[in-house]
Amino acid sequence: MPISFPSRSIEITEAFARLRREKNARQCDIAEQLHISEGELIAAHAGLSLDNGAWLGAERLRAEWPAIIAALEPLGEVMARTRNACCVHEKTGVYRQACHNPHVGLVLGGEIDLRAFYRQWAQGFAVRELKDDTVRRSLQFFDAAGNAVHTILLLPQSAPAAYEALVTRFADDDQEPDMTVTAPPAPALALPDARIDVAGFRAGWAGLRDSHDFFALLKTYSVSRLQGLRLAEPRFVQQFEVSCVLDLLGEAAREQVAIMAFVGNPGMIQIHSGAVHKILVAGPWINILDPRFKLRLREDRVASAWVVKKPTVDGLVTSVELFDARGDTIVMFLGARKAGKQECCEWRQIVDNTVREAQLCAA
């Protein structure tokens with residue numbers, strides 16, 4: 001059946017071509033300038049082909065998300081990108097050991113380390129884009145509001161034939177150039193502090209045996225994460241100056257202490273484990289610019305920073321957690337460790353020194 005191109009999609013594709021040609025603008029910036037979501041921007045290009053002179057062509061994929069992720073290994077090394085409004089996490093590697101259960105999908109085979117919440121995924125596209133005289137291939141996934149959930153970008157060393165085979169396998173019959181978006185659900189209202197069983201919550205925290213049980217603890221006592229940090233015992237939680245985050249990362253790089261960096265959105269959490277090397281500040285951005293791992297953090301959008309300690313059977317686990325003005329988690333940093341092993345003493349020392357120096361500066 002021939003594809004029809006409604007006037008709105010034509011307007012979007014023409015505006016995209018103009019802004020890309022004039023400013024070489026990124027997809028997210030063009031979508032913002034057009035007052036649409038990124039999902040709508042990409043969907044407007046469904047059915048278009050670079051062979052016909054388009055700057056971007058997209059092919060809608062069937063909503064078989066776990067099967068698509070499980071089929072990525074033959075593509076070889078690619079770049080995995082997960083982001084939220086304040087932070088971007090990019091990791092180079094191969095998608096291996098993909099599996100899923102009714103609640104979460106996992107990719108665990110080495111450098112690409114993901115937790116996917118497929119119930120949040122609404123649309124996926126194979127995207128071919130002409131940029132800098134090069135065709136760039138990617139797979140892009142969006143939630144029902146059109147917000148980016150996860151992106152997989154092919155690299156020069158990737159296997160384009162495997163990419164094309166995957167797209168052929170999962171292409172949807174529906175290639176109409178549109179996307180109906182729905183507003184994201186309003187966040188659940190937190191209970192007033194006075195209605196929280198603070199004593200019970202604190203006892204539950206002190207009794208934790210596994211850091212993964214922390215989410216269940218919050219749910220049991222109907223406490224949001226940031227509210228939980230406010231209500232916790234001071235021995236487990238300490239707020240510190242946002243400006244010290246750069247010092248923390250810089251010290252980890254200088255001492256070559258392996259860290260974990262968790263960045264996510266409602267549909268995906270992406271994790272880096274290992275040392276970091278090159279830390280660079282550019283305007284409001286704090287950047288980690290390593291060959292196979294990149295992280296970009298908008299420091300000016302960090303509303304609060306916290307050191308959080310959780311008891312486990314292996315001792316305390318120390319995280320540094322950053323939140324935006326809405327109370328949503330931006331990024332979490334931990335010391336890299338294996339299950340059954342104690343936390344790296346060097347990581348805990350870096351965190352303690354950073355907080356101590358911040359207190360001295362404020363005195």
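Scanning all heavy atoms of the two residues, the minimum distance from Ile196 to Gln227 falls at CG1-NE2, 4.0 Å. Nearest heavy atoms, Leu34 versus Ala15: CD2-CB, 3.7 Å. Nearest approach of Asp324 to Cys86, heavy atoms of both residues: CB-SG, 4.1 Å. Of all non-hydrogen atoms in Ala232 and Val237, the two that sit nearest each other are CB-CG2, 3.5 Å. Taking both residues in full, the closest heavy atoms of Gly146 and Met179 are given as CA-CE, 3.8 Å, listed atom of the first, atom of the second, then distance. In terms of heavy atoms, Gln27 sits closest to Val127 at NE2-CG1, 4.5 Å.
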Would you sort out whether Phe333 and Met260 count as a side-chain contact (heavy atoms from CB on, under 4.5 Å), showing the intermediate values?
CA-CA 6 Å; Phe333 298 107; Met260 301 180 74; over 6 Å; no

Run the numbers on Thr329 and Asn84 for side-chain contact (heavy atoms from CB on, under 4.5 Å), then give the verdict.
CA-CA 9 Å; Thr329 303; Asn84 52 50; over 6 Å; no

Salt bridge (Lys or Arg N to Asp or Glu O under 4.0 Å) between Lys310 and Glu343: does it pass, once the steps are laid out?
CA-CA 11 Å; Lys310 305 181 187 75; Glu343 178 176 79; over 6 Å; no

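Within the 4.5 Å cutoff, no side-chain heavy atoms of Leu249 are placed close to those of Val276. Counting heavy atoms from C-beta outward, Leu166 and Tyr163 have side chains that stay 4.5 Å or more apart. Between Thr318 and Val307 the shortest side-chain heavy-atom distance falls below 4.5 Å. Residues His272 and Ile288 have side chains not in contact (no heavy-atom distance under 4.5 Å, counting atoms from C-beta outward). Considering only heavy atoms from C-beta on, Leu316 comes within 4.5 Å of Arg348 through its side chain. At a threshold of 4.5 Å between non-hydrogen side-chain atoms, the residues Trp205 and Leu231 do not count as touching. Within the 4.5 Å cutoff, side-chain heavy atoms of Phe201 are placed close to those of Leu218. Side-chain contact check for Leu191 versus Tyr221: every heavy-atom pair is 4.5 Å or farther apart.
Look at Arg292 and Glu77 and you find a salt bridge, because one of the NZ, NE, NH1 or NH2 atoms lies within 4.0 Å of a carboxylate O, short of that distance. For the pair Arg8 and Glu11, the salt-bridge criterion is not met [side-chain N within less than 4.0 Å of a carboxylate O]. Ion pair Glu90/Arg83 not flagged as a salt bridge, since none of the NZ, NE, NH1 or NH2 atoms sits closer than 4.0 Å to an Asp/Glu carboxylate oxygen. Contact check on Arg26 versus Glu38 returns no salt bridge, with no Lys/Arg side-chain nitrogen under 4.0 Å from an Asp/Glu carboxylate oxygen. Taking a cutoff of 4.0 Å between a charged side-chain nitrogen and a carboxylate oxygen, Asp133 and Lys131 do not qualify as a salt bridge. Salt-bridge check for Asp328 with Arg301: failed, with every basic side-chain N at 4.0 Å or more from each acidic carboxylate O. Ion pair Lys23/Asp29 not flagged as a salt bridge, since none of the NZ, NE, NH1 or NH2 atoms sits closer than 4.0 Å to an Asp/Glu carboxylate oxygen. For the pair Arg60 and Glu176, the salt-bridge criterion is not met [side-chain N within less than 4.0 Å of a carboxylate O].
The cluster map of Ile, Leu, Val, Met, Phe, Trp and Tyr, joined by side-chain heavy atoms under 4.5 Å apart, puts Val223 and Phe236 in the same cluster.
Exactly one residue among Tyr118, Trp65, Phe117 makes a ring pair (Phe, Tyr, Trp, His ring centres under 6.0 Å) with Phe141. That residue is Trp65.
Summarising the geometry, atom OG belonging to Ser138 is positioned 8.0 Å from atom CG belonging to Leu154; distances are rounded to the nearest 0.5 Å. With rounding to the nearest 0.5 angstrom, the OG1 atom of Thr82 is 10.0 Å from the CD1 atom of Ile271. Taking OG1 of Thr13 as the reference point, atom CZ of Arg18 lies at 11.5 Å (rounded to 0.5 Å). Note that NZ of Lys309 is 15.0 Å distant from OG of Ser211, once rounded to the nearest 0.5 Å. Interatomic distance, Ser158 OG to Leu153 CG, rounded to the nearest 0.5 Å: 9.0 Å. In this structure, Ile12 CD1 and Leu41 CG are separated by 7.0 Å, a value rounded to the nearest 0.5 Å.
If you check the side chains of Ser243 and Glu241, you find no donor sitting under 3.5 Å from an acceptor. Looking only at atom types and distance, the side chain of Thr354 has no donor-acceptor partner in the side chain of Glu251 under 3.5 Å away.
Other residues, nucleotides and ligands contribute over 12 non-hydrogen atoms within 6.0 Å of the CD atom of Glu233. Heavy-atom neighbours of Arg21 CZ from other residues, nucleotides or ligands within 6.0 Å: above the threshold of 12. Within 6.0 Å of CD in Glu32 there are 12 or fewer heavy atoms belonging to other residues, nucleotides or ligands. Within 6.0 Å of atom CD in Gln342, 12 or fewer heavy atoms from other residues, nucleotides or ligands are found, so the atom counts as exposed in its surroundings. Counting non-hydrogen atoms of other residues, nucleotides and ligands closer than 6.0 Å to CG of Asp173 gives a total of 12 or fewer.
Between the side chain of Arg62 and the backbone N or O of Ala171 there is at least one donor-acceptor pair closer than 3.5 Å. Side-chain N or O atoms of Asn287 include none that pairs as donor or acceptor with a backbone N or O of Arg296 at under 3.5 Å. Looking at Arg137, its side chain never comes within 3.5 Å of a backbone N or O of Arg128 through a donor-acceptor pair. A donor-acceptor pair under 3.5 Å links the side-chain atoms of Gln270 to the main chain of Ala80, judged by distance alone. Panel note: side chain Trp121, backbone Gly267; a donor-acceptor pair is recorded below 3.5 Å.
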Identify every side-chain donor-acceptor pair in residues 92-102 under 3.5 Å, counting partners at least two apart or on other chains, and give the distances.
from   : atom 1 : to     : atom 2 : distance (Å)
Tyr95  : OH     : His150 : NE2    : 2.7
Asn101 : OD1    : His103 : N      : 2.7
Asn101 : OD1    : Val104 : N      : 2.8

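Residues in residues 255-268 take part in these side-chain hydrogen bond (donor to acceptor under 3.5 Å, both in side chains) pairs, two or more places apart or across chains: Gln256-His277.
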